[in-house]
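Note sheet for the following structure.
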Amino acid sequence: MLRLAKAGVRPLYLVTRRSFHRAVICYNPLGIDNSTENNLKTETNRLAKTGEKFWEKVGLKETDDKVYLQLDSKTMKTPLGNELAFDSKRKLLALMLKKEWSNLHELGSSKFSLPLTSLVSRCIDLQTTSDPNCDPELVAKIGGSTDVIKNQLLRYIDTDTLLVFSPAAEFEGALRKEQDRLYLPIITKIEEFLSQRAPESSKIKLQILDADIHGLRGNVQSEEVKRAATKYMDSLSLWDLAIFEKTVLTTKSFICGVLLLESLTNVHTEQMLAHSLEDIIRLATLETIFQIERWGEVEDTHDVDKRDIKRNLASAAIVAYRD
């Protein structure tokens, strides 16, 4: 932990090692493009610009294979102008999306009140812009091609939250002991998981950043690790890639992205990779948890971060869930 205060004095703000090392990739909560070129008249764009409720009724229209989210009997559009429609088998997701928009009058018409809509829109827009014939300007608005997105996510495996270990003496050894207990078994299983995707099934070994040995320098994984991680991302559908992206950006952890997706989409996943949402949140915020227990919670900082992480990961879990 990097303490921005003298010893014995409660710091105004604490910076964790994982936040010090993490690569920053920004993605607007609603997938709104803020450039002057995006004047598409979509519901999400309108809400982001006005912050006002402009509909009376939220509904669902179902066909044999799709379900459409509608406002006042008109199908909603994603930020890039695609219909907000998805597989009709995702009934839980449909009900949750309807609830999200129905509750906006209580929560306030804020773009941060629409985490599900944000992610589903991202899934749909990513699918449509993956077409080789898609307008390059639309591809740019979504953040680039899928290869660009994968390369950005690959950066997170270098300084993955679960690969950064605190000094053994910190918090009287309690934090490091808990990291060893929680992280090490998962790292072993992820190494086995990625080894199955490595060329000729070569043994994958993840590089750990140990503060007692390496200090605060950067961490870099081998090319073999990166090739296996890329192969894993290549195996994902574009829908699941968007979910994976949301999870990785929220937790600053490639490993947490694997845990969430494999727990919810692969019924044959190894037991060690199956984790609850609460488990994943704890894994991603373990150092902050210890900070708060020692120094107390900083208002409008720790509490906001905690809600953001829960909201984003819960949304990812709902969108990933197979009915």
Side-chain angles (χ1 to χ4, degrees), residues 1-25 152-194 203-226 228-229 247-260 272-273 275 278-298 301-302 304-306 308-309 313:
M1 175 178 61
L2 303 178
R3 293 199 183 102
L4 303 185
K6 294 181 179 180
V9 179
R10 182 174 182 250
L12 293 177
Y13 185 73
L14 302 175
V15 182
T16 61
R17 248 175 302 277
R18 76 180 184 90
S19 64
F20 182 82
H21 285 290
R22 72 191 181 193
V24 177
I25 301 176
Q152 290 176 331
L153 294 175
L154 201 58
R155 294 160 56 191
Y156 283 88
I157 202 168
D158 281 334
T159 54
D160 195 292
T161 299
L162 273 63
L163 298 178
V164 179
F165 286 73
S166 300
E170 197 163 80
F171 293 103
E172 293 76 46
L175 174 57
R176 181 58 179 265
K177 183 178 180 180
E178 185 70 354
Q179 287 176 327
D180 288 345
R181 184 182 74 83
L182 293 177
Y183 292 175
L184 291 179
I186 293 174
I187 290 171
T188 298
K189 285 299 180 180
I190 290 294
E191 288 175 337
E192 295 173 1
F193 182 80
L194 291 178
K203 179 65 176 177
I204 291 295
K205 183 67 176 177
L206 292 170
Q207 177 64 44
I208 292 173
L209 181 64
D210 187 330
D212 282 332
I213 300 173
H214 308 117
L216 290 173
R217 70 164 176 77
N219 198 31
V220 179
Q221 302 299 330
S222 67
E223 289 303 314
E224 289 77 13
V225 168
K226 293 181 179 180
T247 306
V248 172
L249 298 187
T250 298
T251 61
K252 308 301 178 285
S253 169
F254 192 98
I255 293 174
C256 283
V258 174
L259 294 180
L260 185 140
M272 196 61 192
L273 291 185
H275 285 71
E278 291 75 16
D279 289 339
I280 295 172
I281 292 172
R282 181 171 178 80
L283 290 170
T285 61
L286 188 60
E287 191 170 352
T288 302
I289 291 171
F290 273 77
Q291 289 181 0
I292 292 173
E293 289 176 351
R294 170 65 61 85
W295 301 98
E297 186 174 83
V298 179
T301 300
H302 289 132
V304 173
D305 289 345
K306 186 189 304 182
D308 284 345
I309 290 173
L313 292 188

Can you name the side-chain contact (heavy atoms from CB on, under 4.5 Å) partners of Asp180, sequence neighbours left out? Phe165, Arg176, Leu184
Heavy-atom closest pair (Ser166 atom, Leu175 atom, distance to 0.1 Å) is OG-CD2, 3.2 Å
For the side chain of Asn219 and the backbone of Gln207, is there at least one donor-acceptor N/O pair under 3.5 Å apart? yes
Closest non-hydrogen atoms of Cys256 and Leu162, given as atom of the first, atom of the second and distance, are SG-CD1, 3.7 Å
Sorted by chain and number, sequence neighbours left out, salt bridge (Lys or Arg N to Asp or Glu O under 4.0 Å) with Glu172 holds for Arg294
Asp279 meets the side chain to side chain donor-acceptor pair (under 3.5 Å) criterion, sequence neighbours left out, with Ser276
Run the side chain to side chain donor-acceptor pair (under 3.5 Å) test against Ser253 and tell me which residues pass, sequence neighbours left out. Asp160
Show the nearest heavy-atom pair for residues Glu191 and Ile204, with the distance to one decimal. CB-O, 3.5 Å
Could you state the interatomic distance from CZ (Phe254) to CD1 (Ile190), rounded to the nearest 0.5 Å? 9.0 Å
Test side chain to side chain donor-acceptor pair (under 3.5 Å) applied to Glu224 - qualifying residues, sequence neighbours left out: Ser222
Residues Val220 and Lys226: closest non-hydrogen pair is CG1-NZ, 4.3 Å
Would a distance-only check, ignoring hydrogens and angles, find a side-chain to backbone donor-acceptor pair under 3.5 Å from Tyr183 to Leu283? yes
Shortest non-hydrogen contact from Ile281 toward Thr285: O-OG1, 2.7 Å
Nearest heavy atoms of Leu260 and Thr247, plus distance in Å: CD2-OG1, 3.8 Å
Listed partners of Glu178 passing side chain to side chain donor-acceptor pair (under 3.5 Å), at least two apart: Arg181, Arg282
Atom CZ in Arg155, atom CD in Gln221: separation rounded to 0.5 Å? 15.0 Å
Pairwise distance CD1(Ile186) to CD1(Ile280) - rounded to 0.5 angstrom: 8.5 Å
When rounded to the nearest 0.5 angstrom, what distance separates NE2 in His275 from CG in Leu182? 8.0 Å
